[in-house]
Amino acid sequence: MKDTVTATLLWGKEAAAEIRAQVKERFDRIAARGIQPGLAIVTVGETPAGNPYVRSKSRAAEELGVRARVERFPGTTTEDALHAKLRELSADRGVHGIILQLPLPSHLPEDRHLEDIAPIKDVDGLHPLNVGRWVHGLPGHRPATPLGVLELLRRHCGDLTGKRVVIIGRSRIVGRPLSVFLSERSPGLNATVTLCHSATRDLKSVAREAEILVVAIGRRRAITSEYVRPGAVVVDVGIHEIPEPPPGGPRFEGDVDMASVRSVASAVTPVPGGVGPMTVAFLVRNLADAVEAQEGAR
Ligand code: NAD
């Protein structure tokens, strides 16, 4: 029956709490050695209201005893100024993790600035050296959002071998790395992956082939039930903040039209509370890896 709610909601909060508890034990051991880890988040052209992602990353790090600082640059910042700050942070022994908040304004070359970050501190896993490592299936920093999606899928779907996965969106931070991780020749992975983007023809029929559909396109409620094969698992990576007057505060919606997709899919990640908490959990896990790599693990 149309519009009947059928899909299970795949909450990320519980899994994220488990991962954060494990990470906390690692940070407690680090603190017991008298080390206070540092995280630097660099933003360029942030709006005066601030960036909710930056706030949640800083807060999560501070909860673990990390000294988190945000380096805010105006939108008019020059390439040289940003280069100098990223090199300075890379050399600072009190800073163990660096995040360059993307996208940058169009006059700044993202590729060059990602290379300004010391690979060992690159907790987003976007320096070409780390990208090369994850493409080859080698250990090293990997982007947190695709790691979080993978963990949610493992927990809900179990073995992904041979599953037909369609990812909509090929960004360097979500879609592309996720396509690499899911297709890795490793136990439990080995999925068959199709990566769709703005030049994909007949997206609806490609998407309808998916047993697992991952949506990361950055357009609110863009994906309706017409894109979903009955019984598919749908992962909504998108986050859109919709201003609402107080006391309600802002609302959040995803790239998926939940009301429409819930009647067709077997499971859907909610926004908020699905992929978002998993991203933060894997980001702090990456930070623990970075601290141990720089200070030694004990
Ligand atoms: P992006 O804007 O960098 O990339 C969007 C991708 O979607 C591009 O590859 C583009 O080709 C593709 N696309 C755009 N329109 C399309 C269309 N009509 N058909 C097919 N493909 C199309 O996006 P991103 O950084 O990957 O972010 C995507 C969404 O995920 C955003 O809403 C962002 O806020 C959110 N996000 C959430 C988290 C989280 O932790 N939940 C993390 C990162 C990003």
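Order of listing sets the numbers, starting from 1, for every ligand and every atom in it.
Closer than 4.0 angstrom to ligand 1 lie heavy atoms from Y53, T145, I168, G169, R170, S171, I173, V174, H197, S198, L203, A216, I217, G218, R219, V237, G238, I239, H240, D255, V275, G276, T279.
Applying the ring pair (Phe, Tyr, Trp, His ring centres under 6.0 Å) test to every pair with at least one member in residues 24-58, sequence neighbours left out, gives no pairs at all.
Judged as a side chain to side chain contact (heavy atoms under 4.5 Å, CB included), and not counting sequence neighbours, the contacts of V131 are W134, V135. Evaluation of the salt bridge (charged side-chain N to carboxylate O under 4.0 Å, His left out) rule for E209 yields R164 as partners, not counting sequence neighbours.
Side-chain atoms of H83 and D116 form a donor-acceptor pair, as typed in the model, at a separation below 3.5 Å. For the 3.5 Å distance criterion, the side chains of H113 and E79 fail to qualify, holding no donor opposite an acceptor.
Figure legend: cation-pi geometry between R142 and F181, with NZ or CZ positioned under 6.0 Å from the six-membered ring centre and within 45° of its axis.
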